[in-house]
Amino acid sequence: QDNLPDGLTYVGNPKVAFVSGTAGSACGSATLTSSTLGSSPWVCGDESNIALVTPTFDLSATYVTGGPFADGTDPSFALGDLVNTDDDANLEYVVLEFDVLVSNTMANQAGRSVTNTFTVFIAGTDRGDSTGATVNVVEPVVTVVKSVSPATPPFNSGDTLSYSLVVTNTSSISAYNVSVQDAPFTSFSFDPANITVSTGVLGTLTNNSTASAINIILSEIPAGQVVTIPYTLLLPDTIIVGQTLENTAHISWTSQPTLTSDVRTGADGAGGLNDYVNQDDASITIETPAFSKSVSPATATIGDLVTYTITITSPTATIPDLVITDQLPANLIFSGSTPTYSNWPADPVLTYIAGTNLLTWTVGDASGTGDLVVTASPMTITYTAIVADVAANQDGVNITNDAAMAYTDAQSTTQTLDDDATFAVIEPVLAIAKSATPASAVPGSTVHYTMTVSHTAASTAAAYDLTISDAIPAGMTYVAGT
């Protein structure tokens with residue numbers, strides 16, 4: 001009787017050999033026979049060649065009991081009454097060979113040692129157990145590493161990304177029916193002819209790929225072999241700023257080439273009995289836009305035009321629900337001149353509300369928000385404003401103007417970016433001095449007056465349209481032309 005432990009299942013194909021006589025000599029007739037099997041199993045030999053003996057006599061199922069055979073069920077082999085007429089000093093043997101299956105059970109995991117013994121019964125009496133024969137459970141292990149190049153920004157619509165799936169059998173035995181699946185986020189280019197292997201040859205490849213997914217099956221990946229599967233894709237113009245594009249490759253495999261209920265597969269996923277699965281992902285993240293505002297010149301006086309420039313730096317991608325607002329302070333007046341636009345696919349729509357001094361730009365039309373598909377960067381808006389003649393605008397006052405950009409990100413969250421620009425108000429400050437020559441005069445004589453106008457030390461701007469007036473006192477007459 002074979003004492004099969006849990007984890008092994010008897011599957012049959014029993015063969016037996018009766019070994020007696022002297023190896024290498026003319027043994028003559030059988031000297032070890034059975035009452036039921038006769039002399040057919042007999043093989044001439046002894047301890048000197050026993051290791052070379054391979055049983056060839058098929059033992060009929062009639063002589064095998066203990067079934068039906070499931071995991072751990074012990075088979076018994078009835079060999080009949082054995083008659084040994086070999087009386088030399090050499091040893092005689094009965095060699096029994098049969099097949100067992102390493103069962104697909106949770107107990108059988110890589111690294112487990114399964115020890116099997118047998119028991120001899122003579123006339124129903126237990127004559128003791130054998131020493132153990134140990135089987136070490138091994139399993140195929142396959143990994144997948146997915147990578148993308150380039151892996152870091154910048155990323156723009158129309159860019160080509162190169163993906164690589166590196167599938168490696170890291171175990172000591174072959175993996176079979178290796179399924180590799182990958183569903184890229186957009187259309188891709190894949191050619192099985194570009195698949196490479198590190199050693200040996202590529203197993204039989206079945207290509208079930210479609211326009212939207214890679215799906216291939218490799219019949220076998222031998223121990224240690226590395227299979228590299230490349231493909232490329234173009235980033236579409238539907239990518240959104242700040243969007244993370246995730247891409248996961250999945251693999252599964254089996255322990256044997258022919259699928260039966262006793263073969264371990266990946267059907268149950270990670271953590272299950274049939275857990276031959278693995279995965280890896282490679283993701284990229286589209287950059288978010290940057291927003292800035294500048295003003296020129298850095299100083300201006302009352303009535304001057306100042307030029308503001310709003311700049312959006314962005315990858316060529318979609319910026320959803322874009323709105324730009326610019327709240328002019330009360331001491332500035334929008335000039336009314338049409339702004340200039342650079343690198344916009346179409347000029348944004350400007351709405352100006354004079355009562356609130358608010359400028360708003362939208363994409364599409366003035367009725368609401370729209371999605372901007374960026375085709376070039378940076379994009380700019382340039383417009384002018386007038387420094388108002390109001391009491392708040394005094395020499396040395398800093399005028400700060402803030403603008404903001406709002407949009408909806410890839411997670412449907414509103415994002416707001418803002419920046420401001422500052423310039424200083426400057427004004428002329430003049431002084432006038434007057435002198436008379438001579439200092440005293442008699443009636444009828446001429447007195448020369450001199451008036452000197454100059455900037456004071458506090459003056460920071462040029463003065464224009466200067467008017468000087470002088471009231472001639474009574475008793476004096478202005479001399480024309482002087």
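- A donor-acceptor pair shorter than 3.5 Å can be found between the side chains of Gln1 and Asn3.
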Atom pairs and distances, side-chain donor-acceptor, residues 415-422, under 3.5 Å, sequence neighbours left out:
{"unit_1": "Gln415", "atom_1": "NE2", "unit_2": "Asp409", "atom_2": "OD2", "d": "2.9"}
{"unit_1": "Asp419", "atom_1": "OD2", "unit_2": "Lys293", "atom_2": "N", "d": "2.9"}
{"unit_1": "Thr422", "atom_1": "OG1", "unit_2": "Thr400", "atom_2": "OG1", "d": "2.7"}

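- To the nearest 0.5 Å, atom CZ of residue Phe77 and atom CG of residue Leu96 are 5.0 Å apart.
- A donor-acceptor pair under 3.5 Å is absent between the side-chain atoms of Asp237 and the main chain of Ser157, judged by distance alone.
- Contact annotation: the side chain of Ile381 never approaches that of Thr309 to less than 4.5 Å [non-hydrogen atoms, C-beta and beyond].
- The structure places CG of Leu259 at 12.5 Å from OH of Tyr176, a figure rounded to the nearest 0.5 Å.
- A donor-acceptor contact closer than 3.5 angstrom is absent between the side chains of Thr380 and Thr382.
- Counting heavy atoms from C-beta outward, Thr307 and Val295 have side chains that stay 4.5 Å or more apart.
- Phe155 approaches Pro150 most closely through the heavy-atom pair CE2-O, 3.5 Å.
- In this structure a side-chain-to-backbone donor-acceptor pair under 3.5 Å is missing from Asp347 to Trp344.
- Separation of atoms OG1 (Thr248) and CZ (Phe185) is listed at 11.5 Å; rounding is to 0.5 Å.
- If you look at Phe18 and Tyr93, their ring centroids are not closer than 6.0 Å.
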Stepwise side-chain contact (heavy atoms from CB on, under 4.5 Å) check, Arg264 with Asn104: CA-CA 6 Å; Arg264 186 160 294 176; Asn104 185 21; 2.6 Å; yes
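- Two residues are said to be in side-chain contact when any heavy atoms from C-beta on lie closer than 4.5 Å; Asp86 and Leu32 fail this criterion.
- Listed for the Asp268 side chain is no donor-acceptor partner under 3.5 Å among the backbone atoms of Asp275.
- With Asp281 contributing its side chain and Glu246 its backbone, the two residues share no donor-acceptor pair below 3.5 Å.
- Note: Phe190 and Tyr231 fail the aromatic proximity criterion, with ring centroids not under 6.0 Å apart.
- Contact detail for Val277 and Ala270: the closest heavy-atom pair is CG2-N, 3.5 Å.
- The distance between the ring centers of Trp361 and Tyr352 does not fall below 6.0 angstrom.
- Asn13 places no side-chain N or O within donor-acceptor distance of the main-chain N or O of Asp99, the cut-off being under 3.5 Å.
- Checked by atom type and distance alone, the side chain of Asn274 never pairs as donor or acceptor with a backbone atom of Ala267 at under 3.5 Å.
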Side chain to side chain donor-acceptor pair (under 3.5 Å) between Thr36 and Ser34, intermediate numbers included: CA-CA 5 Å; Thr36 54; Ser34 165; 3.2 Å; yes
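- In this structure a side-chain-to-backbone donor-acceptor pair under 3.5 Å is missing from Thr325 to Thr360.
- Remark: Lys15 fails to qualify as a cation-pi partner of Phe98 under the 6.0 Å distance and 45° angle criteria applied to the six-membered ring.
- Here the side chains of Val138 and Ser171 are not in contact, with every heavy-atom distance at 4.5 Å or above.
- Put simply, the side chain of Thr131 does not reach to within 4.5 Å of the side chain of Thr117, judged on heavy atoms.
- Contact annotation: the side chain of Thr206 never approaches that of Ile216 to less than 4.5 Å [non-hydrogen atoms, C-beta and beyond].
- Taking each heavy atom of Val53 and Ala17 in turn, the nearest pair found is CG1-CB, 4.2 Å.
- Listed for the Thr210 side chain is a donor-acceptor partner under 3.5 Å among the backbone atoms of Ala213.
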Step-by-step side-chain contact (heavy atoms from CB on, under 4.5 Å) determination, Asn136 to Thr134: CA-CA 7 Å; Asn136 295 317; Thr134 299; 4.0 Å; yes
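- Of the N and O atoms on the side chains of Asp326 and Tyr383, at least one donor lies less than 3.5 Å from an acceptor on the other residue.
- You'll find the side chain of Leu372 stays beyond 4.5 Å of the side chain of Tyr407, heavy atoms only.
- Of all the heavy atoms in Asp6 and Gly72, the pair that sits closest is OD1-CA, 4.0 Å.
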Step-by-step side chain to side chain donor-acceptor pair (under 3.5 Å) determination, Glu220 to Ser174: CA-CA 7 Å; Glu220 179 182 5; Ser174 288; 2.6 Å; yes
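- Between Asn357 and Gln327, the closest heavy-atom pair is O-NE2, 3.4 Å.
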Derivation of the side-chain contact (heavy atoms from CB on, under 4.5 Å) call for Thr204 and Leu218: CA-CA 6 Å; Thr204 301; Leu218 297 171; over 6 Å; no
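- Looking only at atom types and distance, the side chain of Ser20 has a donor-acceptor partner in the side chain of Trp42 under 3.5 Å away.
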Verdict with supporting geometry, Val142 and Ile251, side-chain contact (heavy atoms from CB on, under 4.5 Å): CA-CA 8 Å; Val142 184; Ile251 63 171; 3.6 Å; yes
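- The CG atom of Asp262 lies 4.5 Å from the CG atom of Leu101; values are rounded to the nearest 0.5 Å.
- The CE atom of Met379 lies 12.0 Å from the CD1 atom of Ile310; values are rounded to the nearest 0.5 Å.
- A donor-acceptor contact shorter than 3.5 Å is absent between the side chain of Thr143 and the backbone of Val167.
- A pairwise comparison of heavy atoms in Asn343 and Ser377 identifies ND2-C, 4.1 Å as the closest pair.
- Contact annotation: the side chain of Val166 never approaches that of Asp280 to less than 4.5 Å [non-hydrogen atoms, C-beta and beyond].
- No donor-acceptor pair under 3.5 Å is formed between the side chain of Ser103 and the backbone N or O of Thr105.
- A donor-acceptor contact closer than 3.5 angstrom is absent between the side chains of Gln225 and Thr199.
- If you check the side chains of Asn90 and Thr22, you find a donor sitting under 3.5 Å from an acceptor.
- Checked by atom type, the side-chain pair Thr244/Thr285 shows a donor-acceptor distance below 3.5 Å.
- The structure places OG1 of Thr408 at 9.5 Å from CD1 of Ile240, a figure rounded to the nearest 0.5 Å.
- No more than 12 heavy atoms of other residues, nucleotides or ligands sit less than 6.0 Å from atom CZ of Phe118.
- For Asn156 and Thr316, the side-chain atoms include at least one donor-acceptor pair closer than 3.5 Å.
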Just distance, no hydrogens or angles: give the donor-acceptor pairs under 3.5 Å from side chains in residues 122-129, sequence neighbours left out.
{"unit_1": "Asp126", "atom_1": "OD1", "unit_2": "Gly128", "atom_2": "N", "d": "2.7"}
{"unit_1": "Asp129", "atom_1": "OD1", "unit_2": "Thr119", "atom_2": "OG1", "d": "2.3"}

